> 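Provided herewith is a single structure, encoded as structure tokens, for subsequent inquiry.
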Amino acid sequence: MNLEDLNESQREAVLCIDAPSLVIAGAGSGKTRVLTYKVAYLLEQGMEPWNILALTFTNKAAREMRERIATLVSPEKAASLWMGTFHSIFARILRVEGNRLGYDSNYTIYDTADSLSLIKIIIREMNLDEKVYKPSAIQNRISTAKNRLVLPSGYSSVREFRENDAFYHRTLVPEIYNRYQERCKQANAMDFDDLLLNTWLLFKHNPEVAAHWQDRFHFVLVDEYQDTNFAQHQIIRLLTDQRQRVCVVGDDAQSIYSFRGADIDNILRFREVYPGARLFKLERNYRSTQTIVNAAGSLIRNNREQITKSVYSEKEVGNPIALFPAYSDTDEANIILREVQRAHRLGVPYKGIAVLYRTNAQSRKIEDSFLYGRVPYHIYAGTSFYQREEIKDLLCYLRLAVNLTDEESLRRIINKPARGIGDTTVGKLFLEARRTDKPVWDVLKAGTCPDLNAGTLARLKNFCEMIEAFHQSSATDDAHTLALRVAKESGLQAYYFSGHEPEDISKQENFQEMLDGIASFVADNQEQGLGISLSDYLQDASLATDFDRNTAEKDADCVNMMTIHSAKGLEFPFVFIAGLEEGLFPSELSAESPRELEEERRLFYVALTRAEKQVVLTYAKSRFRNGKMEFSSPSRFIREIPQQYFSNRQRTTDFRGAPEHQLERKNGQRTSPRIEQRMKPLRPQSTMPFIPRPLSPTSSPNIGKGASLSIGCSVVHERFGRGVVQALEGTGLDAKATVQFENAGTKVLMLRFAKLTVI
């Protein structure tokens, strides 16, 4: 590690390890570089890797940091760091300490869909009107309470909650919250918010446990601190209360997630919470041109609540910002299409272009324009792979195989595929469980539910025996072996591979991809000496975010379309920002709240600073909204950027009619394109049958023993590709090789499992 690779501000931030520190990292200023070098510096100073805790918001960020640290110090030390997302790290702690709260180590993690399903059931059991007690609204309210560390017993004491519930005539929310928590506890399950709440409860009410983890973590680093909520902030305070050795990195100018519970005050008031904390500002932007950086700086200076900074760029001055007014939202979409096509003709690849918008609803018109204009595009951060029906079904079987008391998984798959266990039977099972205050599984296993005929009881017994067999195997089989068995014996494999329609084939591809993913997980973890059980896989799958997993089409040459919130952390050479109108951006809801208006301005700042070379702004003078055409004025944010940063280029669209690309000729006459002629890029579909792919260790005994490997030799790995052996250690079954792969980074592999070929 060479600290001379850092600029002066970065270097000062890295070297501060004896006092609390706040690093304000402007857009494109190299914050990840500072975090990785700081961890590497701590290791060089003699701190053990397991005494360092680094918290991030995405698995992607954690992986990137770990890989960079591995190149600065060693892969072995990097692998021993406590580094990951808040939820994954706290889930790991709760696996060890959860028994103090009444959970065993195999607790299930409920995702948003599981949580919503349980809330719906409770609302129906209470005979409440779902139009008043809207399940998603109740779910959001419970989530808000948990992120503010409010338990069911204290819910009614919060004035804001009481007034909100009274306004919407939802006075029974506290009771729903209480029942929801009881049912989760009974099912040995936690939702995502519980991972925070329960960690805080664990530390707060068990001083000896808090002291143990305080003693474990000698230094705590937090990425994207402006995005932390109250619960995360309080847990960090508990962990760092004794040593005060904490470094938080973030940018108050990019705090845009208040709707998720993020509290900008955490970063603004950090030095009040940690007296004596040192402040470092990373003000050089390495990403964008001077024009973009200066324009963004002029905009954000209009916010009052901020930590002042003077962000600058030493790159070229660059192109001025292009501003295109449009007569309507349709016209705006056509302008965007024209400029995208122009940029592409000038050599900008489609994937180097991003179209950003404030709301998802804005995408439709732009999509229509791209489809008509034959421009390939990709909606970034779309539906999660793990929320698709076929994937959710298999996951629920796997989760039940590990945790027999998981009610939501049981309810979903007890009759899927259909096995003659109808809704009435399921209802009786759950009713009996509530009456006897037992887990549903206990009622099912006992076979004593009243009012069920012999045939139904026999079917329930068969189902129970099948799941019990899976459960027993979960203690010995690896995740892939068991998943293949579950897929076949449950009937899901035959169920999803019986159709031949395009939708059926898509489901089959997804199903196979799921199994392939589990196989890859097992192989990767086995080679690196990590857990390969079904429980290990399910934790990994549960904690994976949509953002982290949505990689299927990122490498295709497509224009990237997304909301600005989805664009956080990304960068593109060419960025369009659409819909810059009062009431849309900034949103109408923010007009009466200075605090919300400032967040809208920060959101626009984030959009601007995604661009490396060129920004194009558009707004429509009229937009079809709420069933009618509405007229609007340009966003105040446009006026807050000095005119010197804009170009004077005039728009060329002919407003008298539709642009030429929207009209096709048939027999010499102009016609409108038909919906079925739209061309959206599709992935090729496979008609291959389901083929189990069991895991097997390497067949080469020489490779397995390391006899044919030597430091510096080139190898090929079946998943990681080409690489060079950097180090060899251990003998026999414990032999390991450290390999630097060309594209996959550095891996430490167990040679008895590693699929390596010497070249």
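The chain is numbered in sequence order, starting from 1. Since this is a predicted model, take the numbers as computed values, not measurements.
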> Between the main-chain N or O of A187 and the side-chain N or O of N403, is there a donor-acceptor pair closer than 3.5 Å?
yes

> Between atom NZ of K185 and atom CD of Q181, what is the distance when rounded to the nearest 0.5 Å?
9.0 Å

> Would you mind checking if D129 and R124 are paired as a salt bridge, meaning a charged N to carboxylate O distance below 4.0 Å?
no

> Let me confirm one number: the NZ-CD1 distance from K309 to I300, rounded to the nearest 0.5 Å.
7.5 Å

> Do side-chain atoms of Y107 reach the backbone of A91 as a donor and acceptor pair under 3.5 angstrom?
yes

> Look only at the side chain of D252 and the backbone of Q306, and say whether a donor-acceptor pair between them is shorter than 3.5 Å.
no

> Using the test ring-ring contact (aromatic ring centres under 6.0 Å, His included), find all partners of Y133 that sit at least two apart in sequence or belong to another chain.
none

> Is any NZ, NE, NH1 or NH2 atom of the basic residue among R269 and E305 found under 4.0 Å from an Asp or Glu carboxylate oxygen of the other?
yes

> Looking just at side-chain N and O atoms, do D104 and N188 make a donor-acceptor pair shorter than 3.5 Å?
yes

> Under the ring-ring contact (aromatic ring centres under 6.0 Å, His included) test, which residues partner W200, sequence neighbours left out?
none

> Going through the distances and angles, do E408 and R412 end up as a salt bridge (Lys or Arg N to Asp or Glu O under 4.0 Å)?
CA-CA 6 Å; E408 291 308 298; R412 182 182 180 95; over 6 Å; no

> Apply side-chain hydrogen bond (donor to acceptor under 3.5 Å, both in side chains) to R260 and list each qualifying residue two or more places apart in sequence or on a separate chain.
none

> Could you report the tightest heavy-atom contact between C247 and F219, atom names first, then the distance?
CB-CE2, 3.8 Å

> Any side-chain to backbone donor/acceptor pair from S593 onto E596? Under 3.5 Å, distance only.
yes

> Once rounded to the nearest 0.5 Å, what's the spacing between atom CG of L398 and atom OG of S535?
11.5 Å

> Would a distance-only check, ignoring hydrogens and angles, find a side-chain to backbone donor-acceptor pair under 3.5 Å from R245 to I17?
yes

> Quick one: do E130 and K134 make a salt bridge, cutoff under 4.0 Å?
no

> For Y180, is the NZ or CZ atom of R183 found under 6.0 angstrom from the centre of its six-membered ring and inside 45 degrees of the ring axis?
no

> Can you tell me which residue pairs pass the salt bridge (charged side-chain N to carboxylate O under 4.0 Å, His left out) test with a partner in residues 197-208, sequence neighbours excluded?
R100-E208

> Does a donor on one side chain and an acceptor on the other come within less than 3.5 Å for Q539 and R95?
yes

> Would you check if there is a donor-acceptor pair between the side chains of Q232 and Q234 at a distance under 3.5 Å?
no

> For R162 and S156, indicate whether the former's side chain and the latter's backbone hold a donor-acceptor pair under 3.5 Å.
yes

> Quiz question: by atom type and distance under 3.5 Å, do the side chains of Y537 and N525 form a donor-acceptor pair?
no

> Judged by modelled atom types alone, do Y155 and D165 share a side-chain donor-acceptor pair under 3.5 Å?
yes

> Any carboxylate oxygen within less than 4.0 angstrom of a Lys/Arg side-chain nitrogen, looking at R595 and D265?
yes

> Output yes when R411 and E407 qualify as a salt bridge under the 4.0 Å nitrogen-oxygen rule, no when they do not.
no

> Is there a donor-acceptor pair closer than 3.5 Å between any side-chain N or O of T36 and the backbone N or O of R33?
yes

> Heavy atoms only: give me the nearest T58-T85 pair and the separation to one decimal.
C-CG2, 3.4 Å

> Within a 6.0 Å radius of atom CZ on F259, are there more than 12 heavy atoms belonging to other residues, nucleotides or ligands?
yes

> Is R68 salt-bridged to E64, going by a charged N under 4.0 Å from an acidic O?
yes

> If you take all heavy atoms of L201 and N206, which pair is closest and at what distance?
O-ND2, 4.1 Å

> Minimum heavy-atom separation for A433 to V440, with atom names?
CB-CG2, 3.6 Å

> Using side-chain hydrogen bond (donor to acceptor under 3.5 Å, both in side chains) as the criterion, list what pairs up with T359, not counting sequence neighbours.
Q362

> Could I get the full list of salt bridge (charged side-chain N to carboxylate O under 4.0 Å, His left out) partners for E599, not counting sequence neighbours?
R602

> Does any donor atom in the side chain of R399 or S409 lie under 3.5 Å from an acceptor atom in the other side chain?
yes

> For E12, is there an ion pair with R278 - N to carboxylate O distance below 4.0 angstrom?
no

> Whether the S566 and T563 side chains hold a donor-acceptor pair (N or O, under 3.5 Å, no angle test) is what I'd like checked.
yes

> Would you please name every residue forming a side chain to side chain contact (heavy atoms under 4.5 Å, CB included) with T436, sequence neighbours left out?
E432, K438, V443

> Using a strict 4.0 Å threshold on nitrogen-to-oxygen distance, state whether E160 and R148 make a salt bridge.
yes

> Short question: side chain of H471, backbone of A401 - any donor-acceptor pair under 3.5 Å?
yes

> Quick one: list whatever passes ring-ring contact (aromatic ring centres under 6.0 Å, His included) with F637, sequence neighbours left out.
F585, F604

> So, taking the atom named CE in M65 and the one named NZ in K31, what distance separates them when rounded to the nearest 0.5 Å?
8.0 Å

> State which residues pass side-chain hydrogen bond (donor to acceptor under 3.5 Å, both in side chains) with R66; sequence neighbours excluded, sorted by chain then number.
none

> Would you say the side-chain atoms of R610 pair up with the backbone N or O of V606, donor to acceptor, closer than 3.5 Å?
yes

> Please list, chain by chain and in numerical order, all residues satisfying side chain to side chain contact (heavy atoms under 4.5 Å, CB included) with N147, sequence neighbours excluded.
S143, D193, L196, N229

> In the structure I gave you, are the side-chain heavy atoms of L94 and L101 within less than 4.5 Å of one another anywhere?
yes

> For the CG atom of D227 and the CD1 atom of I256, what is their distance to the nearest 0.5 Å?
7.0 Å

> Run the numbers on Y110 and D406 for side chain to side chain donor-acceptor pair (under 3.5 Å), then give the verdict.
CA-CA 9 Å; Y110 280 178; D406 184 346; 3.2 Å; yes

> As an exercise, state the distance from CG of L239 to CD of Q242, rounded to the nearest 0.5 Å.
11.0 Å

> Under the ring-ring contact (aromatic ring centres under 6.0 Å, His included) rule, collect the residues that match up with Y274, sequence neighbours excluded.
F270

> Could I get the full list of side-chain hydrogen bond (donor to acceptor under 3.5 Å, both in side chains) partners for N178, not counting sequence neighbours?
E182

> Would you say the side chains of T56 and D223 form a donor-acceptor pair under 3.5 Å?
no

> Would the distance check show the side chain of S117 and the main-chain N or O of D114 forming a donor-acceptor pair, the cut-off being under 3.5 Å?
no

